[in-house]
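Here's the structure we're looking at; comments come further down.
These numbers were taken from a predicted model, which means no experiment stands behind them.
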Amino acid sequence: MSFSGEVKEELSKNMNMARHCRIAELAALISFCGNVKVDEDNHYFLYLHTENTLVAKRCFTLLKATFHVQPVLTIRQNMTLKKNRNYEIVVDNHKDCVLILQAIKLLDSYGNLEEKNNMINHIILQNTCCKRAFIRGAFLASGSISDPDKNYHFEIVCQDFDKAKQLMGVLNSFELDSKIVHRKKYYVVYIKEGSQIVDVLNIMEAHVALMKLENVRILKDMRNRVNRRVNCEAANIQKTVVAAVRQREDIEFLMEQKVLKNLPQNLQDIAYLRLEYPEASLKKLGDMLDPPVGKSGVNHRLRKISNLAQDLRDSM
């Protein structure tokens with residue numbers, strides 16, 4: 001099972017919610033994977049569609065537990081993708097539909113569908129717990145999370161911009177930084193930062209998945225730190241080797257030009273040490289001198305030798 005599937009499985013098992021939170025989650029499920037139809041007799045029919053077994057069970061259970069209705073569950077084979085099944089949950093009793101639609105504020109005071117029935121009434125989202133339930137329902141209906149071992153990406157697909165904007169507002173009310181991108185005919189609300197995806201899982205109360213993601217993040221962080229340290233040390237070694245090779249070349253050039261023996265004794269001492277110990281660090285070279293000299297002192301002497309060699313080359 002994918003990580004996204006694991007999250008949905010965990011969320012689908014959480015039923016310890018107040019009635020107003022169940023209504024908020026149902027409102028999201030209906031908004032993101034459902035639709036309302038009206039026949040010629042002005043009777044309402046509620047349909048919810050999903051390819052996820054867990055989501056279908058969740059919709060069925062929420063409707064039954066919250067409104068004591070008996071939805072009809074239909075399973076159809078997807079002929080395009082033979083491995084997938086389509087689940088359709090239908091409430092075809094008019095009175096039951098009215099009860100549900102009134103609870104999620106999709107009917108006005110006259111019993112008619114609201115003009116903007118794709119939007120969730122702000123009354124349903126007043127409480128923080130209901131906002132959590134709404135995000136959970138939206139994710140169950142049309143959300144996904146990538147495998148954290150590969151990359152960090154959380155998204156919920158929306159049918160239109162207004163719905164995406166409302167969802168982004170609810171997410172960002174928890175101090176998140178979700179954004180909207182237009183993808184083909186859909187609008188996608190997404191989060192790419194790992195720590196914020198952890199926060200989203202906490203908001204939706206997917207605590208097991210949260211711990212798994214945190215473990216992956218810790219391992220990745222440790223691996224990155226080790227890689228950075230190794231790369232830094234490798235770069236320093238490379239830098240030291242290149243400098244040592246250049247220093248030896250300068251010293252050997254001065255020897256060829258019979259100039260080295262005329263230099264001050266302190267420069268001759270460090271020059272011969274460098275030739276004898278080409279891989280030694282500046283600190284180690286300094287410790288071999290009598291009296292010992294610090295790293296900066298050794299560097300200063302070798303730099304003077306290099307400058308002398310360069311001046312001599314330029315004059316030739």
Does [X] use its side chain to pair, donor to acceptor, with the backbone of [Y] at less than 3.5 Å?
X: S142; Y: V157; value: yes
X: N121; Y: I124; value: no
X: N172; Y: S178; value: yes
X: S31; Y: A27; value: no
X: H49; Y: E88; value: no
X: K239; Y: A234; value: no
X: N227; Y: R223; value: yes
X: S144; Y: S4; value: no
X: R274; Y: A280; value: yes
X: K8; Y: G143; value: yes

| said: Does H207 form a side-chain hydrogen bond (donor to acceptor under 3.5 Å, both in side chains) with E205? I'd like the steps, not just the answer. | reply: CA-CA 5 Å; H207 302 302; E205 299 180 328; 5.3 Å; no
Measure the spacing between [atom1] of [X] and [atom2] of [Y] and express it to the nearest 0.5 Å.
X: L99; Y: N93; atom1: CG; atom2: CG; result: 10.0 Å
X: N262; Y: L267; atom1: CG; atom2: CG; result: 12.0 Å
X: I23; Y: K105; atom1: CD1; atom2: NZ; result: 8.0 Å
X: I145; Y: Y152; atom1: CD1; atom2: OH; result: 12.5 Å
X: R303; Y: Q247; atom1: CZ; atom2: CD; result: 10.0 Å
X: Q268; Y: I305; atom1: CD; atom2: CD1; result: 9.0 Å

Side-chain touch [X]/[Y], heavy atoms, less than 4.5 angstrom:
X: M204; Y: F139; result: yes
X: I270; Y: L302; result: yes
X: L167; Y: F32; result: yes
X: K95; Y: Y44; result: no
X: V36; Y: F45; result: no
X: L46; Y: L48; result: yes
X: V189; Y: C158; result: yes
X: R217; Y: S195; result: yes

Does [X] belong to the same Ile/Leu/Val/Met/Phe/Trp/Tyr cluster as [Y], with side-chain heavy atoms less than 4.5 Å apart forming each link?
X: L273; Y: F253; answer: yes
X: M211; Y: F154; answer: yes
X: V181; Y: M168; answer: no
X: L107; Y: V38; answer: yes
X: V98; Y: V69; answer: yes

With a 6.0 Å cut-off (strictly less than), is the heavy-atom count around [atom1] of [X], excluding the residue itself, greater than 12?
X: E279; atom1: CD; answer: no
X: Y186; atom1: OH; answer: no
X: H43; atom1: NE2; answer: yes
X: K220; atom1: NZ; answer: yes

| said: Applying the salt bridge (charged side-chain N to carboxylate O under 4.0 Å, His left out) criterion to R58, which one of E25, E10, E9 satisfies it? | reply: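 Answer after filtering E25, E10, E9: E25.
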| field | Within 45° cone and under 6.0 Å: K212 NZ/CZ vs F3 ring | value |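 Not satisfied by the 6.0 Å and 45° rule.
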Exercise: identify the closest heavy-atom pair between [X] and [Y]:
X: C59; Y: I89; answer: CB-CD1, 4.2 Å
X: L213; Y: G194; answer: CD2-O, 4.4 Å
X: D250; Y: S306; answer: OD2-OG, 2.9 Å
X: L125; Y: C130; answer: CD2-O, 4.2 Å
X: V198; Y: L210; answer: O-CD1, 3.5 Å
X: H68; Y: A65; answer: CE1-O, 3.9 Å

| task | Please test I100 against L26 for side chain to side chain contact (heavy atoms under 4.5 Å, CB included), starting from the C-alpha separation and ending with a verdict. | result | CA-CA 9 Å; I100 295 166; L26 264 173; 5.6 Å; no
| query | Is any side-chain N of the basic residue among E155 and R183 closer than 4.0 Å to the acidic one's carboxylate O? | reply |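 Between R183 and E155 there is a salt bridge, with a charged N closer than 4.0 Å to a carboxylate O.
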| said: Regarding D177 and K179, does a basic nitrogen lie under 4.0 Å from an acidic carboxylate oxygen? | reply: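 The answer is yes: the pair qualifies as a salt bridge.
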| said: Walk me through whether Q70 and V91 qualify under side chain to side chain contact (heavy atoms under 4.5 Å, CB included). | reply: CA-CA 7 Å; Q70 189 64 40; V91 179; over 6 Å; no
| request: For the pair V188 and I156, evaluate side chain to side chain contact (heavy atoms under 4.5 Å, CB included) and give the outcome as yes or no after the intermediate values. | output: CA-CA 6 Å; V188 180; I156 297 176; over 6 Å; no
| For Y187, ring-ring contact (aromatic ring centres under 6.0 Å, His included) partners two or more places apart |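 Y187 satisfies ring-ring contact (aromatic ring centres under 6.0 Å, His included) with F161, H182 only.
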| task | Apply the test side-chain hydrogen bond (donor to acceptor under 3.5 Å, both in side chains) to residues Q166 and D162: give CA-CA distance (whole Å), side-chain angles for both, the deciding distance (0.1 Å), then the verdict. | result | CA-CA 6 Å; Q166 182 181 43; D162 288 339; over 6 Å; no
| Are a donor atom and an acceptor atom from the side chains of T53 and Y87 found within less than 3.5 Å of each other? |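 Checked: T53/Y87 side chains pair up, N/O donor to acceptor below 3.5 Å.
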| request: Walk me through it: do K131 and S173 pass the test side chain to side chain contact (heavy atoms under 4.5 Å, CB included)? | output: CA-CA 9 Å; K131 290 180 181 179; S173 69; 3.8 Å; yes
